[in-house]
Amino acid sequence: MPTSTFPAALAAALRADPSRPLVTFYDDATGERVELSVTTYANWVAKTAALVQDELDGERGQLALVELPTHWLGAVWLGAAWSMGLRVTDDPGRAEEADLVVCGPDTLEGHAEHASRVPVLAVSLRPLGARFAEALPVGVVDYGAVVLGQPDVFAAFDPPRSEDAAWTGPGGELLHSDLMTEFGDPALTAGSRLLTDVNPVSRDGLGTLVEPLVVGGGTVWVRHRDPATWASKQSAERASLTLVADSSGSGQPIRS
């Protein structure tokens with residue numbers, strides 16, 4: 001029976017093959033590489049969702065602005081938000097109406113002002129999800145300093161439903177049921193892998209997380225993509241499909 005929400009899809013993946021690589025991340029500017037199995041990804045999602053629900057009073061239906069670059073923690077934040085029924089947007093213009101703001105170092109200064117109104121969580125983007133090396137503005141929560149103390153298993157007080165909105169942006173809303181049915185490529189099947197530099201926390205990038213999860217595959221995200229090493233990564237990671245962001249900004253990501 002097809003799953004109808006993201007947490008149901010993640011639970012199905014855990015039952016089917018918990019040890020398979022689901023999330024792999026490269027930063028070509030620093031040489032960083034991270035790989036998460038389904039189990040490890042689910043643990044990060046659970047810890048993050050518990051932080052928001054239990055410590056920050058997050059509730060189903062609230063709006064989360066997640067403004068992060070292409071990164072494995074972007075995929076974690078999507079999973080956490082959807083596990084507790086939050087609507088996600090990447091539109092910084094909606095910061096004033098957001099119930100939760102998640103930002104990286106580059107956008108921290110602009111979002112710190114919202115910390116007097118709503119929770120603002122800053123993600124350092126340092127290796128292994130480490131905390132910031134420097135002090136943060138008053139009221140801003142250092143995600144890396146607090147997330148690891150949260151439980152590995154999460155239970156939503158008010159679980160999301162298939163008809164709940166999962167994403168909202170200039171192109172409209174996507175429901176949980178849409179996430180489960182909109183994305184599909186014949187090149188992605190059980191055991192296959194997608195190599196991409198497209199930000200998962202973007203309208204074009206949602207499928208880079210959802211589609212491999214649902215079909216039993218995995219995703220390799222690359223930040224600061226170096227074209228000179230792209231082909232070797234595709235070979236080393238055994239990627240059956242690549243999705244490259246359109247650097248001109250005039251069209252859709254390029255599949256091959």
[X] versus [Y], closest heavy-atom pair with distance:
{"X": "Ala122", "Y": "Leu136", "result": "CB-CD1, 4.0 Å"}
{"X": "Pro105", "Y": "Phe132", "result": "CG-CE2, 4.1 Å"}
{"X": "Gly85", "Y": "Pro160", "result": "CA-CB, 3.7 Å"}
{"X": "Leu128", "Y": "Trp44", "result": "O-CH2, 4.0 Å"}
{"X": "Ser240", "Y": "Ser192", "result": "OG-CB, 3.3 Å"}
{"X": "Glu59", "Y": "Gln62", "result": "N-OE1, 2.9 Å"}

[atom1]/[X] to [atom2]/[Y] distance, rounded to the nearest 0.5 angstrom?
{"X": "Leu241", "Y": "Gln234", "atom1": "CG", "atom2": "CD", "result": "8.5 Å"}
{"X": "Thr5", "Y": "Leu10", "atom1": "OG1", "atom2": "CG", "result": "9.5 Å"}
{"X": "Glu173", "Y": "Thr168", "atom1": "CD", "atom2": "OG1", "result": "4.5 Å"}
{"X": "Arg161", "Y": "Ser4", "atom1": "CZ", "atom2": "OG", "result": "11.5 Å"}
{"X": "Arg126", "Y": "Leu73", "atom1": "CZ", "atom2": "CG", "result": "13.0 Å"}
{"X": "Leu68", "Y": "Asp90", "atom1": "CG", "atom2": "CG", "result": "10.5 Å"}

Run Leu14 and Thr39 through side chain to side chain contact (heavy atoms under 4.5 Å, CB included) and show every step you take. CA-CA 6 Å; Leu14 281 167; Thr39 296; 3.9 Å; yes
Is it possible for you to say whether [X] and [Y] belong to one hydrophobic cluster, with membership spreading through side-chain heavy-atom contacts below 4.5 Å?
{"X": "Val140", "Y": "Leu125", "answer": "no"}
{"X": "Leu65", "Y": "Leu209", "answer": "no"}
{"X": "Val214", "Y": "Leu243", "answer": "no"}
{"X": "Val210", "Y": "Leu188", "answer": "no"}
{"X": "Leu179", "Y": "Val45", "answer": "yes"}

Close side-chain approach of [X] and [Y], heavy atoms under 4.5 Å:
{"X": "Leu78", "Y": "Val88", "value": "yes"}
{"X": "Arg203", "Y": "Leu174", "value": "yes"}
{"X": "Cys103", "Y": "Val120", "value": "yes"}
{"X": "Leu213", "Y": "Leu22", "value": "yes"}
{"X": "Leu56", "Y": "Leu121", "value": "yes"}
{"X": "Leu175", "Y": "Ser162", "value": "no"}

Checking [X] side chain against [Y] main chain: does a donor-acceptor pair fall under 3.5 Å?
{"X": "Asp142", "Y": "Arg131", "result": "no"}
{"X": "Thr181", "Y": "Ser177", "result": "yes"}
{"X": "Glu55", "Y": "Val52", "result": "no"}
{"X": "Ser83", "Y": "Gly79", "result": "yes"}
{"X": "Gln53", "Y": "Phe157", "result": "yes"}
{"X": "Ser235", "Y": "Ser232", "result": "no"}
{"X": "Thr70", "Y": "Asp197", "result": "yes"}
{"X": "Asn43", "Y": "Thr40", "result": "no"}

Any chance CZ of Arg238 has more than 12 other-residue heavy atoms, nucleotides or ligands included, within less than 6.0 Å?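 No, the 6.0 Å shell around CZ holds no more than 12 heavy atoms from other groups.
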Is it true that atom CD of Glu134 has more than 12 heavy atoms of other residues, nucleotides or ligands lying nearer than 6.0 Å?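 Count over threshold, so yes.
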Applying side chain to side chain contact (heavy atoms under 4.5 Å, CB included), run through Thr89 and Leu63 and close with a yes or a no. CA-CA 7 Å; Thr89 184; Leu63 178 65; 3.8 Å; yes
Taking the basic N atoms (NZ, or NE/NH1/NH2) and the acidic carboxylate oxygens, is any pair closer than 4.0 Å for [X] and [Y]?
{"X": "Lys47", "Y": "Asp152", "answer": "yes"}
{"X": "Arg223", "Y": "Asp226", "answer": "no"}
{"X": "Arg94", "Y": "Glu96", "answer": "no"}
{"X": "Arg20", "Y": "Glu35", "answer": "no"}

Do [X] and [Y] make the cut of ring centroids closer than 6.0 angstrom?
{"X": "Tyr41", "Y": "Trp72", "value": "no"}
{"X": "His71", "Y": "Phe25", "value": "yes"}
{"X": "Trp167", "Y": "Trp82", "value": "no"}

Qualifying residue, where the test is side-chain hydrogen bond (donor to acceptor under 3.5 Å, both in side chains) with Thr24 and the options are Arg33, Arg193, Lys233: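 The side-chain hydrogen bond (donor to acceptor under 3.5 Å, both in side chains) with Thr24 is passed solely by Arg193 among Arg33, Arg193, Lys233.
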Pick from His176, Arg60, Arg87: which one makes a side-chain hydrogen bond (donor to acceptor under 3.5 Å, both in side chains) with Asp164?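 So, applying the side-chain hydrogen bond (donor to acceptor under 3.5 Å, both in side chains) to Asp164 and each of His176, Arg60, Arg87, only Arg60 qualifies.
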Might you work through the side chain to side chain contact (heavy atoms under 4.5 Å, CB included) test for Thr229 and Val222, ending with a clear yes or no? CA-CA 11 Å; Thr229 63; Val222 180; over 6 Å; no
Passes side chain to side chain contact (heavy atoms under 4.5 Å, CB included), Val123 versus Val102? Steps please. CA-CA 7 Å; Val123 180; Val102 181; 3.9 Å; yes
Taking it one step at a time, do Trp221 and Thr208 satisfy side chain to side chain donor-acceptor pair (under 3.5 Å)? CA-CA 9 Å; Trp221 281 282; Thr208 66; 3.2 Å; yes
For Tyr26, what residues pass the ring-ring contact (aromatic ring centres under 6.0 Å, His included) criterion, not counting sequence neighbours?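 Tyr26 satisfies ring-ring contact (aromatic ring centres under 6.0 Å, His included) with no other residue.
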I'd like to know whether Tyr143 forms a side chain to side chain donor-acceptor pair (under 3.5 Å) with Ser124, so could you lay out the CA-CA distance, the side-chain angles of the two residues, the decisive distance to 0.1 Å, and finally the verdict. CA-CA 8 Å; Tyr143 169 78; Ser124 73; over 6 Å; no
